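The structure that follows is given in the form of structure tokens.
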There are 2 protein chains.
Amino acid sequence: MPMASKSEQTRQLVADVALRMFREIGFEKTTMRSIATEAGVSVGNAYYYFASKDELVQELYVRVQAEHAVKAAEAVDGVKDLSGRLKATLHAGLDVMEPYHRFGAEFIATAIRPTSPVNPFSGESTAARDASLAIFRNIVEGASPAVPKKLRADLPELLWLGYMGVALFWVYDTSEDRRRTRKLIDGVAPLIARGLSLARIPGVSKVLDDVLSLSRSVRE
Amino acid sequence: MPMASKSEQTRQLVADVALRMFREIGFEKTTMRSIATEAGVSVGNAYYYFASKDELVQELYVRVQAEHAVKAAEAVDGVKDLSGRLKATLHAGLDVMEPYHRFGAEFIATAIRPTSPVNPFSGESTAARDASLAIFRNIVEGASPAVPKKLRADLPELLWLGYMGVALFWVYDTSEDRRRTRKLIDGVAPLIARGLSLARIPGVSKVLDDVLSLSRSVRE
DNA sequence: GACACTTCTTGAACACGTTCAAAAATCGGG
DNA sequence: CCCGATTTTTGAACGTGTTCAAGAAGTGTC
């Protein structure tokens, strides 16, 4: 098997050191100089592999997302109802992010900037976002009773958006063990499922149609 | 009448210069050094009045909010239905923020940090947030037909939260003249009004009760 | 007016993210 | 093995937000 090239080794070393320091002392306290020193390279060399400190956060984002995909697939296995599947997926997401919660607030400012590669809507994040979207598509497609047809296409993206909202809530959640976010998930998941079952009521159905058409027209 | 003290004059001068530069060249390009130079004071002096660059953004936030309160009160005058009142208020908000849209993305990263004074949930922003909440309370209380009783207490805060969401959307909106955000407002306002009128349907009412109790339990 | 005391102002200095010209190491072809 | 080209590595230097010891200006008291 091909040995990892020297170049790739250095790249991994820098990334590993950086992410460990992010976890242990936080984003802001982890300076590019300290990463370089800890990894035994020069500052300039770290910049040779990562154009900015933000790109190191991007690495973190990608790894967290990959782990979420695995954990969510496990947790959803065998669960049939939409509410349960959604709940399992969201809790799995929280589990994966947990080690970073202490410093989540520091990361969010980076992620929210539209110019940052870490921004979940940015081009650099397309791959990770698509993978994340796939998790929610899987939730919807595997659900039984099945999701109303007219919602099936849009729901995954809407749920993913909701997940971003939950993550934002989680960052601000100072309650012990993120109890409030857990409670939010447990409350909101069955509500969404029940809300969808109302779709058959004519009055509701009409409103829902408008919601959908608005959400479609707004996403360009 | 009492003349503004020399101290207060200097403070205002620094703030005025800073906000003008924010508008004209953006948040990041406006350096503390350039603010000081432009205002004819030393860097340290600017810091004597504003503990950080963020506190200058806080000043901006307060002024924008005050202007929104005035514009919204005008726009809502004579409008009776909830949808119209909500629409007018949200559009007024966009109008006030418009001069800063070019650089809105730079400000959002500052505002989102939970440790920042600018964060709308922070202690330093309590006054501005309460004033902003009052705008939405006024929308609800003045609406006719009246908002269902069980919603009247919670709706203003929920609408305000929605307004924060619209502002976030607006920051990311790259369409010409923020057309997509305008369209979002025009679509979402009547939907909320119509959705509320469904509250009388028993099945919907039960779901709504759960939404409300969840939203209450989650806000600590 | 002289003296203490507070408020205001200064600019050099610090640590940070980032850049870049130059040097060192590596590689490929002869 | 050697030489040119490419990739990798270095560390000094830049501009940034922020701090702080020192001094200047103002204010009240006798």
Side-chain angles (χ1 to χ4, degrees), chain A residues 2-19 21-22 25-60 103 106-107 109-113 115-119 124, chain B residues 2-19 21-22 25-60 103 106-107 109-113 115-119 124:
Chain A
M3 186 165 56
S5 67
K6 181 82 195 316
S7 176
E8 187 54 30
Q9 265 181 292
T10 308
R11 200 198 129 90
Q12 285 299 324
L13 174 65
V14 171
D16 288 344
V17 167
L19 295 210
M21 293 183 79
F22 284 166
I25 64 172
F27 178 64
E28 282 165 17
K29 281 198 174 168
T30 302
T31 70
M32 291 301 285
R33 282 170 181 78
S34 64
I35 294 170
T37 304
E38 193 82 2
V41 301
S42 68
V43 189
N45 200 11
Y47 273 94
Y48 180 76
Y49 292 103
F50 298 94
S52 66
K53 204 180 168 185
D54 284 7
E55 278 199 7
L56 283 164
V57 179
Q58 169 70 0
E59 193 83 10
L60 167 65
F103 310 109
E106 300 175 10
F107 291 112
T110 299
I112 203 103
R113 229 172 322 122
T115 55
S116 163
V118 201
N119 184 291
E124 290 88 335
Chain B
M3 185 165 56
S5 67
K6 181 82 195 316
S7 176
E8 188 54 30
Q9 264 182 294
T10 309
R11 198 197 131 89
Q12 284 299 325
L13 174 64
V14 171
D16 288 344
V17 168
L19 295 210
M21 292 182 80
F22 284 166
I25 65 173
F27 178 64
E28 283 165 16
K29 280 199 175 167
T30 301
T31 70
M32 291 301 286
R33 281 168 182 79
S34 64
I35 293 170
T37 305
E38 194 82 2
V41 301
S42 67
V43 189
N45 201 11
Y47 273 94
Y48 181 76
Y49 292 104
F50 298 94
S52 66
K53 203 180 170 187
D54 283 7
E55 277 197 8
L56 284 164
V57 179
Q58 169 69 0
E59 193 84 9
L60 166 65
F103 309 109
E106 300 175 11
F107 291 112
T110 299
I112 203 104
R113 227 170 324 119
T115 57
S116 165
V118 201
N119 183 292
E124 290 89 335

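The structure presented is a predicted model; accordingly, all values stated were derived computationally and were not measured. The chains referred to below are lettered A, B, ... by the order of the sequence lines, with proteins before strands, and numbering in each begins at 1.
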Whole-Å distance separating the OH atom of B:Tyr47 from the P atom of C:dT9: 17 Å
message: Output the rounded distance in Å from CZ (B:Arg11) to P (C:dT7).
response: 16 Å
query: Which residue, A:Ala46 or B:Ser52, contacts DNA chain D at a nucleotide closer to its 5' end, judged by nearest heavy atom?
result: A:Ala46
task: Rounded to the nearest 0.5 Å, what's the gap from CD1 on A:Ile112 to OG1 on B:Thr110? Could you check?
output: 11.5 Å
Value in whole Å for how far the C1' atom of D:dG17 lies from NZ of A:Lys53: 14 Å
- prompt: Could you give the distance from CG (B:Asp16) to CD1 (B:Ile35), rounded to the nearest 0.5 Å?
  reply: 11.5 Å
message: Between B:Glu59 and B:Arg11 (salt bridge meaning N to carboxylate O under 4.0 Å), is one present in this structure?
response: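 Salt bridge flag = yes for B:Arg11 with B:Glu59.
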- prompt: For A:Thr30, which contact category applies under a 4.0 Å heavy-atom criterion: base, sugar-phosphate, or nothing?
  reply: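 Sugar-phosphate, no base atom in range.
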query: Ion pair present between A:Arg113 and B:Glu28, side-chain N to carboxylate O less than 4.0 angstrom?
result: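 The answer is no: the pair does not qualify as a salt bridge.
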query: Below 6.0 angstrom between ring centroids: does that apply to B:Phe27 and B:Phe22?
result: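 Yes, the ring of B:Phe27 comes within the 6.0 Å limit of the ring of B:Phe22, centre to centre.
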field: Spacing between B:Leu13 atom CG and C:dT9 atom P, to the nearest angstrom
entry: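 So the two atoms are 10 Å apart, to the nearest Å.
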Selection from C:dT19, D:dT10, C:dC8 that lies nearest to any side-chain heavy atom of B:Asn45: C:dC8
query: Which listed nucleotide (C:dT19, D:dT9, D:dT19) is nearest to the side chain of A:Tyr48?
result: D:dT9
- prompt: Tell me: CD of A:Glu55 to P of C:dT18, nearest whole Å?
  reply: 10 Å
Among C:dT18, D:dT9, D:dT16, the one nearest A:Tyr49 by side-chain distance: D:dT9
message: Both A:Gly44 and A:Met32 contact DNA chain C. Taking the nearest nucleotide for each, which residue is further toward the 5' end?
response: A:Met32
message: D:dT8, OP1 or OP2 - any side-chain N/O from A:Thr10 closer than 4.0 Å?
response: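 So the side-chain polar atoms of A:Thr10 never come under 4.0 Å of the phosphate oxygens OP1 or OP2 of D:dT8.
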field: B:Thr31 side-chain proximity, nearest of C:dT10, D:dT16, D:dT18
entry: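 Minimum distance to the B:Thr31 side chain belongs to D:dT16.
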task: Go through C:dG11, C:dG17, D:dG11 for me and flag the one nearest to the A:Ser42 side chain.
output: D:dG11
message: At 4.0 Å (heavy atoms only), tell me whether B:Val43 reaches a base, stays on the sugar-phosphate, or touches nothing.
response: base
query: Between D:dC14 atom C1' and A:Arg33 atom CZ, what is the distance in whole Å?
result: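 To the nearest whole Å, that distance equals 11 Å.
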task: Round to a whole Å and report the spacing from CZ of A:Phe50 to C1' of C:dG17.
output: 16 Å
